[in-house]
Participant: 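Before we start, here is the structure in question, set down as structure tokens.
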Amino acid sequence: IVQTVDLHLMLHDVVQRKKFYTLVLQKCLTRSGGVAVSKTGILGVVIPALSAIIMGILITTVVYYIMSKIGFDPANAGSIAGHYGACSSVTLTTVLVFLEQMGASFEEFVPALYPFMDTAALLTGIVLGHTGLKKRSVEVEKGEYNIRDILRTSLTAKSTLLIFGGFLIGLISGVEGTKSLMPFYDNIFKGIFTIFMLDIGILAGSRIFELKSVKPVTLVLAIILPPLQAFMAIILATFIGLSPGGATVFAALAGGASYITAPAVMRSTFPDANPSLGLGMSLGIIFPFNILIGIPLYYQMAIIISNL
């Protein structure tokens with residue numbers, strides 16, 4: 001039996017393992033967010049949700065115009081901007097583990113803001129990209145761009161459904177309803193997270209070669225822009241009353257770049273764009289930067305700004 005199980009695991013595709021790890025981790029994380037909202041009430045999340053939407057639109061718009069200025073065509077600029085503005089579920093998971101290790105508290109509903117920022121960023125990147133194409137008098141086929149399809153793709157993505165699903169379970173069940181599940185989630189979380197980070201590290205390393213043909217200025221921007229995005233997010237989060245820990249989570253959402261929902265959405269929307277650009281920068285540069293340097297930096301920035 002052991003040999004059979006071992007062989008099955010060896011033959012298992014990396015993507016399938018990553019999907020399983022993501023499912024477990026996101027269920028662990030978003031459940032607590034729903035419980036937190038059940039305590040505070042849904043009205044207490046309205047302003048943070050609007051703030052997340054604003055950040056998604058703002059980041060994507062800024063990145064689009066920067067990419068346009070350095071020579072990218074509207075399709076590639078829109079695709080890259082969508083990757084930058086959308087969120088990374090792995091970065092979100094990592095920042096929560098970091099805050100736990102630091103003993104820092106945060107508003108538990110903040111991780112549930114992921115879909116708001118993610119969807120707003122994807123839609124903004126699409127609108128800007130197609131607006132730029134039309135200005136260049138490039139014909140866009142009718143079937144290429146359908147706002148309803150984009151909404152359906154982003155809102156029904158596995159990451160989004162897991163976050164909403166876990167959030168709703170926590171919201172409906174409340175503290176008492178989830179008490180019996182707490183030992184299960186708490187015991188498996190750290191082990192699954194360790195395996196997941198090793199797996200995703202291998203995947204990130206495999207994407208570095210895709211950046212060979214990218215302009216040097218683009219690579220520099222991939223390191224400079226995430227901290228600037230996080231800085232804007234921290235200012236906004238502090239302004240609406242989030243704690244330093246909550247502002248750090250909000251900054252990780254803003255400073256991360258998507259390599260799950262964005263590649264799927266942008267590839268179908270801008271077929272002429274180079275899919276390796278956004279994905280390579282997201283997974284090959286921005287993700288490692290945030291894990292090694294970004295998250296601790298954002299936490300310190302949040303503490304400093306909250307004390308001003």
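Since we're looking at a predicted model, the values are computed, not measured.
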Participant: Under 4.5 Å between side-chain heavy atoms, counting indirect links through other Ile/Leu/Val/Met/Phe/Trp/Tyr residues: same cluster for L219 and I223 or not?
Facilitator: yes

Participant: Using the rule that Ile, Leu, Val, Met, Phe, Trp and Tyr join whenever any side-chain heavy atoms are under 4.5 Å apart, tell me whether M102 and L253 fall into a single cluster.
Facilitator: yes

Participant: Judged by atom type as modelled, is there a donor-acceptor pair below 3.5 Å linking the side chain of Y64 to the main-chain atoms of L128?
Facilitator: yes

Participant: Spell out, yes or no, whether I47 and L236 are grouped together once hydrophobic residues are joined by side-chain heavy atoms under 4.5 Å, including indirect joins.
Facilitator: yes

Participant: Has N290 got a side-chain atom pairing as donor or acceptor with A252's backbone, closer than 3.5 angstrom?
Facilitator: no

Participant: In the single-linkage hydrophobic clustering (I, L, V, M, F, W, Y; side-chain heavy atoms under 4.5 Å), do I54 and F250 co-cluster?
Facilitator: no

Participant: Which value, rounded to the nearest 0.5 Å, describes the distance between I304 atom CD1 and Y299 atom OH?
Facilitator: 11.5 Å

Participant: May I ask you to decide if V90's main-chain N or O and T94's side chain share a donor-acceptor pair within less than 3.5 Å?
Facilitator: yes

Participant: A side-chain contact here means heavy atoms from C-beta on lying under 4.5 Å apart; do F289 and P227 qualify?
Facilitator: yes

Participant: Compare all side-chain heavy atoms of L50 with those of I240 and state whether any distance is below 4.5 angstrom.
Facilitator: no

Participant: Looking at S306, is its backbone amide N or carbonyl O close enough to the side chain of T238 to form a donor-acceptor pair, meaning the two atoms are under 3.5 Å apart?
Facilitator: no

Participant: Tell me, yes or no, whether the heavy-atom count around L228 atom CG, taken from other residues, nucleotides or ligands under 6.0 Å, exceeds 12.
Facilitator: yes

Participant: Testing V63, L58, T61, T119 one by one against T124 for a side-chain contact (heavy atoms from CB on, under 4.5 Å), which residue passes?
Facilitator: T61

Participant: Main chain of N274, side chain of N76: is a donor-acceptor contact present, judged purely on distance under 3.5 Å?
Facilitator: yes

